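Below, each value reflects all heavy atoms present in this structure, side chains not excepted, and no hydrogens, waters or symmetry copies. Lettering of chains follows the sequences in order, A, B, ..., and the numbering in each one begins at 1. This structure is a prediction, so every number in the text was calculated from the model and none was measured.
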Amino acid sequence: MPSSVTAPEGQLSRRDKYRAFILAFNPAAHPSDVIQSGLVIEDLHLSLYRNLAARADLEPGSQQLLVGGVGSGKTTELLLARRWLAGQGLVLPVYVDVSRYTDLSSFNPGALLASLGIYLDAWVTTDDEAQASSGTAKLPEIDAKIFDFAYGKQEMRSIAPHDNRQTYDLARGILGGQITVNIPGKLKPPFPSLSRDIREIQAPLEELLAIIREVRKDVVIIFDGLDRLLEAATFWSVVHQDLRLLRKLRVSVIATAPLSVLFGAGVGQTISDHFDRVQHLSVIASDHVSGLLQSVLRKRGGTELLHPFLADSICDYSGGVLRDLISLARDAAEEAYVSDRDSITGADIEKVAHQLGTGYLRGLGPEAISTLLQLESSKSFDPSQPGNVELLLTRRVLEYSSTDFRVHPALLSVIPRPEPKRA
Amino acid sequence: MPEFSTEPFFEIARRLEMQGETGWLAVLAPVADSTAALDQLQTELQSILQKPARVIQLEPSTFEGLLEALHQPDDDAVILSSGTGLKREKWRSLDIMRSALERKGPVILWLATGDVANLVEHAPNLRSFIGGSIFLAGPDGGIMTETERQERLKQLSEHFQLTDQEVVRKAEVGELSNEPEFVEWLVLLDRGDLV
């Protein structure tokens, strides 16, 4: 069929209007595209990105953590920080979403350093100024070392006389007491061991940094995606060796981290102590007077299909989780569209909030439900309890500050209440 | 216990089409005849989205294997099937690699009954992409009854102020839009040959 439009005037414009709205409220859109489209309110978190970036710029080797729950806007803040740093002209900001390239569910220290090495290597080999200033630096040699570290290599190793594998290996045609061993790379999943010294990448990184510092003042590395390592202990096991070396190399680091770093007992505190700054990106409370969440909807064109009091309702149901806010607006528009309505109604919002709440409810046992109902009635919640950390990580409980916890409103609306006891 | 909304497959495909290229949603597979239902969903997606739709099994799959399957190509529609259900470790692993799952084309999670709890519990980052877009495939696998078909045709006719005959005539002479509603209309009239 050709793509000509033959529907009566007004019919397809309704579709276009809905489609534009739904595309503006895409919870899966990459934040870089959303920033590019001008749909982000940059001071939503009081210019947090500027504070993070300025400290990274002023204190080379500083290490900062951005801690926040799922959908709180961490990536947006990091990308704004990168843009701010790039605008200063003296710093080379490097943004890496590590989870995009390597399987972090395997235990792989070295992955952060490998990612940085690959980026710097690519930058140096494509930047004219860096090329000119590299002088006698052996770039191909550095390049090979970085790539070997990242993707693995083969190496000949001698077999010790007492090694009982000698006969076995010789039987397979290995000459001169040498065997070929595969050394896995840091970015090639999965790999089994920690046998290689992480300092192996120190020298090539130092050489690359020296070249870059001739051209730019410093390097700031921004690691995104590390908050996916939900458990504090797992997060720490993956990052701590790499961060130690980065501090030594005086490379400033801004990294995301899971909420368990803040609220988990024991190891969480140890991790926080390691960093120069731990910034919590908390949930934004729905407040009809300040209208902060409403401004997010307005920025994306929410008034096209939403009456202000319905926008308030969406903000309330989102609990201030930005991605849920975006999702609810999108889903409500979708619901209104498939129901052939000309704009979003209260019934559409109720239906999509019910859908969202039902999702959050799945998998909750009686004990967890009891905890949630108790939090609702008494406002008391101990985030250091293991089961309660899970409730935070899965967004069933939202943290508005270190002492203010509330049940996600969409979930609260569908939680089955116990039958009142009969007298 | 509250339940998710039940939607026929063409409605699910229509929603996904409205979400645009990078839409994400989840469908709970019916307990009976889930293989036939999956085939039907795939057909509906191809028809409404007007692009190929592939089924990718999440188990067994490695990080690298899944990455390759999702990104070569990365602009068609993919249905990620959890088969009879995934273990919590697999959900955790998928959650960690969410950024790697992002692609230009839409993604549908085809879930076994027990998977939603695991998705919410062990893959909160994936769940946040889906939001409230979790639907139950109808007990008939999404197949419309004759009454439902007639009702939908009536809705389309009233909405676009066109009769069934006019739509077929316009399609035959190449004057009909390729918008999903018209594709759906022709399919409901059993004139998918004109799409």
Undergrad: Identify which of B:Glu21, B:Glu17, B:His122, B:Gln155 forms the greatest number of heavy-atom pairs closer than 4.5 Å to chain A.
TA: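 That would be B:Glu17.
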Undergrad: Given that the side chain runs from C-beta out, which part of A:Leu393 has a heavy atom under 4.5 Å from chain B: side chain, backbone, both or neither?
TA: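 For A:Leu393, the backbone is the part near chain B, not the side chain.
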Undergrad: Quick check for you: among B:Ser133, B:Gly20, B:Gly131, B:Ser128, which has the greatest number of heavy-atom pairs under 4.5 Å with chain A?
TA: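 Sorted descending by pairs with chain A, the first entry is B:Ser128.
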Undergrad: Are any of the side-chain nitrogens in A:Asp97 or B:Arg98 under 4.0 Å away from the carboxylate oxygens of its partner?
TA: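 Judged by the 4.0 Å cut-off on N to carboxylate O distance, A:Asp97 and B:Arg98 do not form a salt bridge.
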Undergrad: Given heavy-atom pairs under 4.5 angstrom as the criterion, report whether the side chain, backbone, both or neither of B:Arg15 touches chain A.
TA: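 For B:Arg15, backbone and side chain are both near chain A.
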Undergrad: Report the option among A:Asp331, A:Leu364, A:Val321 that has the most heavy-atom pairs separated by less than 4.5 Å from atoms of chain B.
TA: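 Ranked by heavy-atom pairs under 4.5 Å with chain B, first place is A:Asp331.
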Undergrad: Where is the tightest heavy-atom contact between A:Arg330 and B:Trp24, given as atom of each residue plus distance?
TA: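 Heavy-atom minimum between the residues: NH2-O, 4.4 Å.
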Undergrad: Measuring from atom CD1 of B:Ile134 to atom CZ of A:Arg362, what distance do you get when rounded to the nearest 0.5 angstrom?
TA: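 Taking CD1 in B:Ile134 and CZ in A:Arg362, the distance rounds to 8.5 Å.
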Undergrad: Quick check on the interface: out of B:Ala100, B:Gly23, B:Ala26, who has the most heavy-atom pairs with chain A under 4.5 Å?
TA: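 It is B:Ala100.
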Undergrad: Over all heavy atoms of both residues, which pair between A:Thr358 and B:Glu3 is shortest? Give the atoms and the distance, please.
TA: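 In terms of heavy atoms, the two residues are closest at CG2-C, 4.0 Å.
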Undergrad: For a 4.5 angstrom cut-off between non-hydrogen side-chain atoms, does A:Leu230 reach B:Arg92?
TA: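 A side-chain contact under 4.5 Å is absent here.
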Undergrad: Is it the backbone or the side chain of B:Leu101 that comes under 4.5 Å from a heavy atom of chain A, or both, or neither?
TA: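 Neither part, no heavy atoms under 4.5 Å.
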Undergrad: Which region of A:Ser327, side chain (C-beta onward) or backbone (N, CA, C, O), has a non-hydrogen atom less than 4.5 Å from a non-hydrogen atom of chain B, or is it both or neither?
TA: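 Just the side chain, heavy atoms under 4.5 Å.
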Undergrad: Can you tell which part of A:Tyr18 gets under 4.5 Å to a heavy atom of chain B, answering side chain, backbone, both or neither?
TA: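 Backbone plus side chain of A:Tyr18, per the 4.5 Å heavy-atom cut-off to chain B.
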Undergrad: What part of B:Glu89 gets within 4.5 angstrom of chain A, counting heavy atoms only: side chain, backbone, both, or neither?
TA: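 Contact with chain A involves no heavy atom of B:Glu89 at all.
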Undergrad: Would you say that more than 12 heavy atoms from the other residues, nucleotides or ligands in this model lie under 6.0 Å from the CG of B:Asp33, or not?
TA: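 Result for CG/B:Asp33: open.
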Undergrad: Chain A: which of B:Val116, B:Thr22, B:Asn125 shares the most heavy-atom pairs with it under 4.5 Å?
TA: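 That would be B:Asn125.
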Undergrad: For the backbone of B:Met18 and the side chain of A:Glu334, can you confirm whether one donor and one acceptor N or O come within less than 3.5 Å of each other?
TA: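 Judged by distance alone, no pair lies under 3.5 Å.
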Undergrad: Which atoms of A:Arg323 come close to chain B, meaning under 4.5 Å heavy atom to heavy atom: side chain ones, backbone ones, both, or neither?
TA: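 The side chain, not the backbone.
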Undergrad: Compute whether any side-chain donor of one residue and acceptor of the other, for B:Arg14 and A:Tyr337, lie under 3.5 angstrom apart.
TA: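 No, because no side-chain N or O of B:Arg14 sits under 3.5 Å from a partner of the opposite role on A:Tyr337.
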Undergrad: Do other residues, nucleotides or ligands put more than 12 heavy atoms under 6.0 Å from A:Gln36 CD?
TA: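 It does not: A:Gln36 CD has 12 such atoms or fewer within range.
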Undergrad: Looking at every non-hydrogen atom in both residues, tell me the closest pair between B:Ala117 and A:Gly363 and how far apart they are.
TA: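 So the minimum-distance heavy-atom pair works out to CB-CA, 3.5 Å.
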Undergrad: For B:Ser99 and A:Arg228, does a side-chain donor sit closer than 3.5 Å to a side-chain acceptor?
TA: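 There is such a pair (donor and acceptor under 3.5 Å, judged by atom type) between the side chains of B:Ser99 and A:Arg228.
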Undergrad: Taking A:Gln355 for its side chain and B:Ser5 for its backbone only, find out whether a donor-acceptor pair lies under 3.5 Å.
TA: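 Yes; at least one donor-acceptor contact below 3.5 Å.
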